[in-house]
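Structure first, commentary second.
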Amino acid sequence: MSEAGQRGVPTEFAEQVLDLVARIPAGRVLAYGDVARMLGGGGPRQVGAALARFGAGVPWHRVIHADGTPPPGHEAQARARWREEGTPLTADGSRVRMHAARWAGPQAPS
DNA sequence: CTCTTGACGCCGG
DNA sequence: TCCGGCGCCAAGA
């Protein structure tokens, strides 16, 4: 009841994913594979699965493909948010400049 | 226990 | 630059 869209019970790995994604500063992004590596487990697919099921309460639009493209089924939503937050985008604004927008991690300064 | 699926990533054409 | 195929790992049926 506190959270909507949450199906079933999240695994511990899923909770770690949500926690890290919630810490990503506005205007910055992480790739699914980046999140998996920072948590030190599973793989990019597990991160995507966690966000697909429990990502309703976190800025999931800050987690994208390694090449800077948004997740299927939410391209328009993600692009709109990037524009709002001033995320570094390509000239056409269709994808994120990973090299510039990639968040260093929870320890790195903003 | 086995098979299929999936908000991915990388390489080759 | 775009498209397709293969590899990885865990959850679900």
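For clarity, every value in this text was computed on a predicted model and none was experimentally measured. Throughout, a chain's letter reflects where its sequence line sits, starting with A, and its residues are numbered from 1.
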With clusters defined by side-chain heavy atoms of hydrophobic residues (ILVMFWY) lying less than 4.5 Å apart, directly or transitively, does [Y] cluster with [X]?
X       : Y       : answer
A:Val47 : A:Leu20 : yes
A:Phe13 : A:Leu51 : yes
A:Met38 : A:Val29 : no
A:Ile24 : A:Phe54 : yes
A:Val17 : A:Val63 : yes

Next on the checklist: Can you confirm whether A:Arg37 is buried at CZ, in the sense that more than 12 heavy atoms of other residues, nucleotides or ligands lie under 6.0 Å from that atom?
Outcome noted: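 Result for CZ/A:Arg37: open.
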Item to check | Any pair counted as side chain to side chain donor-acceptor pair (under 3.5 Å), so long as it reaches residues 10-21 of chain A, sequence neighbours left out | outcome: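 Qualifying pairs: A:Asp19-A:Arg23.
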Next on the checklist: Protein within reach of the bases, or only the backbone? For nucleotides 2-13 of chain B, mark each nucleotide 5' to 3' as B, S or -, using heavy atoms under 4.0 Å.
Outcome noted: ----BBBSS---
Shorter than 3.5 Å, N or O on both sides, protein versus nucleotides 1-4 of chain C: list them out with atom names.
none

Checklist entry - At what distance, to the nearest 0.5 angstrom, does CD1 of A:Ile64 lie from CD of A:Glu75? => result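 So the CD1 of A:Ile64 and the CD of A:Glu75 are separated by 12.0 Å.
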Checklist entry - How long is the line joining CZ of A:Phe54 and C1' of C:dA10, in whole Å? => result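 It works out to 12 Å between those atoms.
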